[in-house]
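Quick notes on the structure that follows.
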Amino acid sequence: MSARAVALPAAVRAWAAGRGLPRYRAEQILTWIYHRRAAEVAAMTDVPRALREEFAASFVLPSLRPETVSRSADGTRKLLFRLADGYAIESVLIPEPPRLTLCISSQAGCGMGCAFCATARLGLQRHLTADEIVGQVIAAEGRLEGAESISNVVLMGMGEPLHNYDNVAAALEILSAPWGLAISARRITVSTVGLLPQMDRLVRETKVNLAVSLSATTDEERVRLMPVNKRYPLAALMALCRSLPIAQRRRITFEYVMLAGRNDSPADAARLVALLHGIRAKVNLIPFNPFPAAGVTRSSDAAIEDFRQRLLAAGVLVTLRRSRGQDIDAACGQLAARHAEAPAAESVAPGPQAPTACC
Ligand code: SAH
């Protein structure tokens, strides 16, 4: 028996075209899979039975089920998924009424090596496929309670989304298309360490929001914290941000992890204001969330407040990200899915919940 492919849009469209089917057929099937969340091909009642059978012989429907769901005292829920090859990834549901944000992963592990992030310690295990990215959203919907519905999706979990551009772009299409999950692109945010060519592509090819993890105001410090800065230094990053066609009434979010004595001085605040000059920006300050052997520490509340006030005084829009789900290691930069270290599921000792990387 030949292996069946996951029913992703490009493959379904190619299959339909290869059979000379009218164009609407592929969209009809995709609507069944992604919009109506059909659990099986037999449910596609307006597709002729013979065609359904042919389809089922070629494709499997995407499916991703959480292996565990942990719940934080603050209502945050972390879903751990075991992938077919044994790697583990995590998603985090974050209720902040009236919003309910879902933070999803784009890679198992991450290759960017940021000094303050637990996921980086895993290294890159592999890119996620588009169905694994979308599957996290569908699975999280299955874990909603009462009248909850997901209002925002952020690609701020494990991995660097723009390092996995093609799969992420395919997933964004499914998430936002009317035949797909129909989540407005304005409610989807992709966060990046600052891979310049892919940032440029993302802004031109999609309508999602862009978030850039900045976290330092000099090349010297940023190289130490975020090795990607060797390849794409601050001046080039900010020049690109300045030139991107960001729509009126929208802004680039700059995430800034607050680290004691590393990036939280008054001089840093002043440099940050200067860096952002001429960019439609908002700054999201993220107090560092600790993990074992991190080697960096969180700024004090006083330092964070002073930093925030300096930005506000300079007219910069700034928000402070409250840490959520820390008790289940679901906070930003804590996602590392200790279960993920050993692909052989059975051999994993039930240890303490390990961190994933999300906000
Ligand atoms: N690779 C992408 C997507 C991950 S988003 C990116 O870096 O943007 C994860 C966010 O959490 C990033 O802004 C990152 O800087 C931040 N972060 C990572 N580790 C953290 C930690 N330990 N505490 C707080 N924030 C952290």
Side-chain angles (χ1 to χ4, degrees), residues 76 89-92 94 101-125 127-128 133 136 152-165 168 171 188-196 198-199 202 208-217 221-222 224-229 231-232 237 241 252-260 262-264 281-299 304 319-326 329-337 354-359:
T76 302
I89 55 160
E90 293 171 313
S91 312
V92 186
I94 311 156
T101 301
L102 175 67
C103 177
I104 59 175
S105 297
S106 56
Q107 296 176 321
C110 183
M112 296 295 119
C114 299
F116 47 77
C117 181
T119 309
R121 305 292 164 95
L122 300 173
L124 176 63
Q125 295 171 328
H127 294 313
L128 299 189
I133 298 170
Q136 295 170 64
N152 298 75
V153 174
V154 296
L155 279 84
M156 296 185 182
M158 301 171 84
E160 166 51 42
L162 298 188
H163 183 212
N164 183 17
Y165 190 92
V168 165
I188 302 174
T189 300
V190 172
S191 179
T192 178
V193 293
L195 301 181
L196 305 194
Q198 293 92 327
M199 281 167 63
L202 185 80
V208 300
N209 300 301
L210 179 65
V212 178
S213 297
L214 199 58
S215 295
T217 61
E221 184 59 46
R222 196 163 187 268
R224 283 198 289 261
L225 294 174
M226 303 179 66
V228 70
N229 196 76
R231 179 117 187 245
Y232 300 118
L237 173 61
C241 289
I252 301 176
T253 299
F254 290 91
E255 296 154 285
Y256 198 94
V257 181
M258 303 262 352
L259 302 165
R262 301 292 293 267
N263 63 6
D264 62 350
K282 64 181 174 206
V283 172
N284 193 199
L285 300 177
I286 316 175
F288 170 69
N289 294 309
F291 57 90
V296 285
T297 51
R298 177 191 191 278
S299 302
I304 295 171
T319 52
L320 179 61
R321 193 175 293 180
R322 268 195 318 134
S323 176
R324 301 293 303 264
Q326 260 193 329
D329 287 327
C332 305
Q334 292 190 315
L335 305 183
T356 322
C358 180
C359 295

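All ligand and atom numbering here is 1-based and tracks the order in the structure.
A side chain to side chain contact (heavy atoms under 4.5 Å, CB included) with Val190 is found for one member of Val212, Val153, Val208, Asn209 and no other, namely Val208.
Within a 6.0 Å sphere centred on CZ of Arg322, heavy atoms belonging to other residues, nucleotides or ligands number 12 at most.
The backbone N or O of Ala211 lies less than 3.5 Å from no partner atom in the side chain of Thr253, so there is not a single donor-acceptor pair. A distance-only check finds no donor-acceptor pair linking the side chain of Arg298 to the backbone of Pro290 [under 3.5 Å]. Judged by distance alone, with hydrogens and angles left aside, the side-chain atoms of Arg262 form no donor-acceptor pair with the main-chain N or O of Thr297 at under 3.5 Å. Side chain of Thr119 to backbone of Gly109: no donor-acceptor contact under 3.5 angstrom is found.
When non-hydrogen atoms are compared, ligand 1 lies under 4.0 Å from neither the backbone nor the side chain of Thr119. Residue contacts with ligand 1 for Glu255 involve side-chain atoms from C-beta outward but no N, CA, C or O (heavy atoms, distance under 4.0 Å). Looking at Asn289 against ligand 1, both its backbone and its side chain come within 4.0 Å, counting heavy atoms.
Below 3.5 Å of separation, one finds an N or O of Phe116 facing an N or O of ligand 1. Between Ser215 and ligand 1, no N or O atom pair is found at a separation short of 3.5 Å. Residue Arg321 has no nitrogen or oxygen atom sitting less than 3.5 Å from a nitrogen or oxygen atom of ligand 1, judged on distance alone.
Close approach to Cys117 involves these atoms of ligand 1, each under 4.0 Å from a residue heavy atom: 18 (C), 19 (N). For ligand 1 and Val193, the ligand atoms under 4.0 Å from any heavy atom of the residue are 6 (C), 7 (O), 8 (O). Atom numbering of ligand 1 starts at 1 in the shown order; those under 4.0 Å from a heavy atom of Gly159 are 1 (N), 2 (C), 3 (C), 4 (C). Interface atoms of ligand 1 facing Gly157, defined by a heavy-atom separation under 4.0 Å, are 4 (C).
Under 3.5 Å, the side chains of Thr192 and Glu160 contain a donor-acceptor pair of N or O atoms.
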